[in-house]
Amino acid sequence: MAATYWSTLPELPEAETIARSLRSAVSGRTIVTVAFLAKRVSQDDPARLAGRTIRTVVRHGKQVMLELDRGFVHVKLGMTGALLVNAVAGAYTRAVFDLDDGSRLSFDDIRQFGSLSLIDAPPATLGPDPLEIDAVAFAARLRARRGKLKPLLLNQSFLRGLGNIYVDEALFRAGLHPLAAAERLKPARAEGLHAAIAELLTDAIAHRGSSISDYVDAAGERGSFQNLHRVYGKEGQPCVNCGEHIRRIVVVQRGTHFCPHCQRR
DNA sequence: TGCCATGTTAATGC
DNA sequence: TGCATTAACATGGC
């Protein structure tokens, strides 16, 4: 069986793609043994996972959860985490799950910002899912906050699932400046942002996410949404709407891309 | 060589 | 309390 790789810089669309792909591969399988190959990948005793059955795989924000007959394996992908089925172990393989049908689920992570933990229930500390919250509730939530749009949208306790790439793309689609004040947005503009986020994420999921760098799948299982980015990584290039040059600034230590003409402050 | 990219958390200050 | 700011973590790529 060929190895299948999924990557990279995982945000909601990538986590959704991983969860869907894994779901068909590991649902119903019982875990035989688990090995943690790096100290920082998990604080849990891998022996506790033996004998548990994987019911299904779900996405929670930009994270992936293996739903077990008892509890969940909470997978934080970090920056470079990847869940692989039947991959050959390499230098960056941090955890290996051997399953009862002889298949193997492994967690590879170059930079080790990812982690695995055994938990009883999905974390309650995160904000609503952007594909579940409705426009009116989103607008109300936005207006109740004082921060600027970009830092707010990156904050997982405000909304779960967006990262640097999709925040920039969503703000561009909505025609909003990354430093605009959330509390001053008119309801119609806030609802427009909600719609832009939902449309963007739906498009990105349809393209199996964005693959910027890192792993390449030998079988072609790579996201293609990076080809449809409009501002992220496009500094100096003409805006697809107006031709103005895309600008890059730094906001909360993150590269931030926008069109100075289409996204007025 | 040294800096960049990134998600998350923590620390500090207002 | 909430918000802004900065640093830390890891490491391949440039």
Side-chain angles (χ1 to χ4, degrees), chain A residues 5-18 36-43 59-65 74-83 90-95 107-117 119 122-127 129-130 140-171 177-185 201 204 209-216 223 225-226 229 231-236 246-258 265:
Chain A
Y5 286 84
W6 294 287
S7 63
T8 175
L9 306 183
E11 302 180 29
L12 187 153
E14 292 73 31
E16 179 67 29
T17 302
I18 290 168
F36 294 140
L37 308 177
K39 182 162 187 173
R40 55 187 303 132
V41 73
S42 182
Q43 305 301 315
R59 176 185 64 76
H60 188 70
K62 60 176 77 165
Q63 302 159 2
V64 174
M65 317 235 303
H74 184 209
V75 182
K76 287 185 163 184
L77 297 159
M79 283 179 61
T80 56
L83 287 162
Y92 307 116
T93 302
R94 311 300 183 185
F107 178 67
D108 280 26
D109 186 19
I110 295 174
R111 294 182 199 177
Q112 302 194 70
F113 281 6
S115 64
L116 307 178
S117 50
I119 58 176
T125 55
L126 300 183
D129 191 289
R141 197 171 170 78
L142 202 58
R143 285 170 63 85
R145 301 293 286 251
R146 282 167 194 280
K148 295 166 180 157
L149 289 179
K150 170 125 185 185
L152 196 53
L153 293 175
L154 283 173
N155 183 344
Q156 303 299 296
S157 66
F158 174 73
L159 190 70
R160 64 176 193 255
L162 298 185
N164 202 42
I165 295 171
Y166 292 104
V167 168
D168 282 6
E169 293 295 322
L171 289 172
H177 194 285
L179 297 178
E183 62 182 336
R184 294 183 57 187
L185 271 198
L201 295 176
S210 304
S211 297
I212 302 285
S213 61
D214 288 305
Y215 307 86
V216 177
F225 196 68
Q226 68 278 3
H229 289 174
V231 288
Y232 181 81
K234 305 290 185 189
E235 182 184 14
I246 299 301
R247 279 192 55 196
R248 180 184 184 279
I249 60 174
V250 175
V251 179
V252 284
Q253 299 176 302
R254 298 293 173 253
T256 297
H257 314 75
F258 68 103
R265 193 162 178 181

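For the numbers below, each heavy atom of this structure counts, side chains included, while hydrogens, waters and symmetry mates do not. As the structure is a computational prediction, the values presented were derived from the model and not from experiment. Every chain is numbered from 1, with letters handed out A, B, ... down the list of sequences.
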Distance in angstrom units between [X] [atom1] and [N] [atom2], rounded:
{"X": "Phe113(A)", "N": "dC4(B)", "atom1": "CZ", "atom2": "C1'", "value": "13 Å"}
{"X": "Arg111(A)", "N": "dT8(B)", "atom1": "CZ", "atom2": "P", "value": "15 Å"}
{"X": "Glu14(A)", "N": "dG7(B)", "atom1": "CD", "atom2": "C1'", "value": "13 Å"}
{"X": "Gln112(A)", "N": "dT8(B)", "atom1": "CD", "atom2": "C1'", "value": "15 Å"}
{"X": "Leu77(A)", "N": "dG7(B)", "atom1": "CG", "atom2": "P", "value": "12 Å"}

Mind checking what makes ring pair (Phe, Tyr, Trp, His ring centres under 6.0 Å) contact with His74(A), not counting sequence neighbours? none
Tyr166(A): which residues meet the ring pair (Phe, Tyr, Trp, His ring centres under 6.0 Å) condition with it, sequence neighbours left out?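 For Tyr166(A) there are no ring pair (Phe, Tyr, Trp, His ring centres under 6.0 Å) partners, ignoring immediate neighbours.
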Which part of the nucleic acid, if any, lies within reach of Glu183(A) when heavy atoms closer than 4.0 Å are counted: base, sugar-phosphate only, or nothing?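 Result for Glu183(A) = nothing.
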So what does Gly255(A) touch, heavy atoms closer than 4.0 Å: a base, only the sugar-phosphate, or nothing?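 The answer is sugar-phosphate, as Gly255(A) gets under 4.0 Å only of primed atoms, P, OP1 or OP2.
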Those residues that, when tested against [X], pass side-chain hydrogen bond (donor to acceptor under 3.5 Å, both in side chains) (two or more places apart):
{"X": "Lys150(A)", "result": "Asn164(A), Asp168(A), Thr256(A)"}
{"X": "Ser157(A)", "result": "Asn155(A)"}
{"X": "Ser42(A)", "result": "none"}
{"X": "Arg265(A)", "result": "none"}

Find every protein N or O atom lying less than 3.5 Å from an N or O atom of nucleotides 11-14 of chain B, and list the pairs.
none

Tell me whether the side-chain N or O atoms of Arg254(A) pair up with the base of dT8(B) as donor and acceptor below 3.5 Å, since no angle test is needed here. yes
Which residues pass the side-chain contact (heavy atoms from CB on, under 4.5 Å) test with Ser115(A), sequence neighbours left out?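 Checked Ser115(A) against side-chain contact (heavy atoms from CB on, under 4.5 Å); matches are Lys76(A).
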Those residues that, when tested against Pro151(A), pass side-chain contact (heavy atoms from CB on, under 4.5 Å) (two or more places apart): Lys148(A), Val251(A), Val252(A)
In residues 145-160 of chain A, what residues come within less than 4.0 Å of DNA chain C, judged by heavy atoms?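 Residues of residues 145-160 of chain A under 4.0 Å from DNA chain C: Arg145(A), Arg146(A), Gly147(A), Lys148(A).
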Does some side-chain heavy atom of Leu12(A) sit less than 4.5 Å from a side-chain heavy atom of Asp129(A)? yes
Need two values: the first and the last nucleotide of DNA chain C, 5' to 3', having an atom under 4.0 Å from any heavy-atom of chain A.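 In short, chain A contacts DNA chain C from dC3(C) to dG12(C).
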If you pin Ala144(A) and Gln253(A) to their nearest nucleotides in DNA chain C, which one's is more 5'?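 It is Ala144(A), whose closest nucleotide lies nearer the 5' terminus.
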Of all residues at least two apart in sequence or in a different chain, which pass the salt bridge (Lys or Arg N to Asp or Glu O under 4.0 Å) check with Glu235(A)?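 Salt bridge (Lys or Arg N to Asp or Glu O under 4.0 Å) check on Glu235(A) returns nothing, list empty.
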Going from CG on Leu162(A) to CG on Leu154(A), what distance comes out if it is rounded to the nearest 0.5 angstrom? 8.0 Å
